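Please read all numbers here as calculations on a predicted model, not as lab measurements. All values below come from the heavy atoms of this structure, side chains included, with hydrogens, waters and symmetry mates left out.
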Amino acid sequence: LMNSMLMKIVFLDAYTNNPGDIDFGPLSSLGDVDIYERTATEELADRVQDVEILIVNKFVIGKTEIELMPQLKYVIVAATGYNNVHIDDCRGAGIHVSNIRGYSTEAVTQHVFALILALINRVTYYDQEVKKGRWSRNPDFCFYDHSITHLADKTLGLIGWGSIAKRVASVASAFGMKIIIHSRSMDGALPEGMSWVGKETIFEQADIISLHCPLSDDTKEIINRTHLKMMKPTSLVINTGRGGLVNENDLFYALDHGLIAGAGLDVMTQEPPHVTNPLMYHTKAIITPHIAWASQPARRKLLDGVCDCIKSYQAGQILNQLT
């Protein structure tokens, strides 16, 4: 066992994981720990001297950064997605890398349905109309400006079949939805009311497409003009995965030209998005600022996962190894 109290541990960008509503005590007790809300590139060298374990959320770690940290042995990504860490560079330097998995399943599932229901029931729109006094002036006991539909009997298309997609599917089943799934490996029995389909079929048949696949060469911009043209004009696209899964110009065109009815996005290609990105202002899009993962219980579970990785490393084992 290593002398953990002398071990230098640095968290470079902790603010989004913990803006102050959870306790960092369990992490602070694991060694000589420095926690920074954010780190600018020019601050890095001063903060990582003697660091053995580095924790990052979105801070980029590549060859240049590694060269500043001669003592670095272990990088923990405080997230599931790890495209900000250059795995090959770490492997080449003999540095272990781990990510944290499974902490946000309930949070993301809840957000998927928050986006779907916001689009279908237009809760924000009607709330604003009521606050403008429109209901009070109304000659009838109610008013509605759009045909409200049901999730029951609609077809949900899931691209990807990891733990979040499975949980989304179980909630969709409770709503009475039919579920079709397209994934990299499409084998194994599925629960009743669910079936594997090819890529074209999922776009042709789904009333709602929800993206739950990793961003890779195969899935990059899987939401594009070709696939959007296959979709029903009443259909919706939901993205709580990665912004790069969507070609934003093509999606804007599809919303503008009635190829689909709406989109609910929690992620964008560039984050934060540029103020001139027209998709952010489209009336048929609902956009939230990458918060699907960020429920308080999920962030607590994430911190527990980081602590488990450190404890395992101190005991001579690597959890969730990526290198």
Using the side chain to side chain donor-acceptor pair (under 3.5 Å) criterion, which residues pair with [X]? Sequence neighbours excluded.
X: T219; answer: S216
X: H96; answer: Q321
X: H111; answer: T288

### Task
With salt bridge (Lys or Arg N to Asp or Glu O under 4.0 Å) as the test, would you mind laying out the steps for D88 and R91 before giving the verdict?
CA-CA 5 Å; D88 289 345; R91 191 182 287 121; 2.9 Å; yes

### CA sep, side-chain torsions, deciding dist, call: I76, I100, side-chain contact (heavy atoms from CB on, under 4.5 Å)
CA-CA 8 Å; I76 300 169; I100 313 299; 4.0 Å; yes

### Query
Between the side chains of E52 and Y313, does any donor sit under 3.5 Å from an acceptor?
yes

### Message
For the residue pair T269 / E248, report whether a side-chain donor-acceptor contact shorter than 3.5 Å exists.
### Response
yes

### Message
I'd like to know if the side chain of N138 and the backbone of C142 have a donor-acceptor N/O pair within less than 3.5 Å.
### Response
yes

### Message
Tell me whether Q314 contacts the main-chain N or O of L30 through its side chain, where contact means a donor paired with an acceptor under 3.5 Å.
### Response
yes

Can you establish whether the number of heavy atoms outside [X] located under 6.0 Å from its atom [atom1] is more than 12?
X: H150; atom1: NE2; answer: no
X: Y82; atom1: OH; answer: no
X: D140; atom1: CG; answer: yes
X: F143; atom1: CZ; answer: yes

Partners meeting salt bridge (charged side-chain N to carboxylate O under 4.0 Å, His left out) with [X] (sequence neighbours left out):
X: R300; value: none
X: D218; value: none
X: D187; value: none

### Message
To the nearest 0.5 Å, what is the distance between SG on C307 and CD1 on I9?
### Response
9.0 Å

### Message
Less than 4.5 Å apart, side chain to side chain, heavy atoms only: is that true for L265 and L251?
### Response
yes

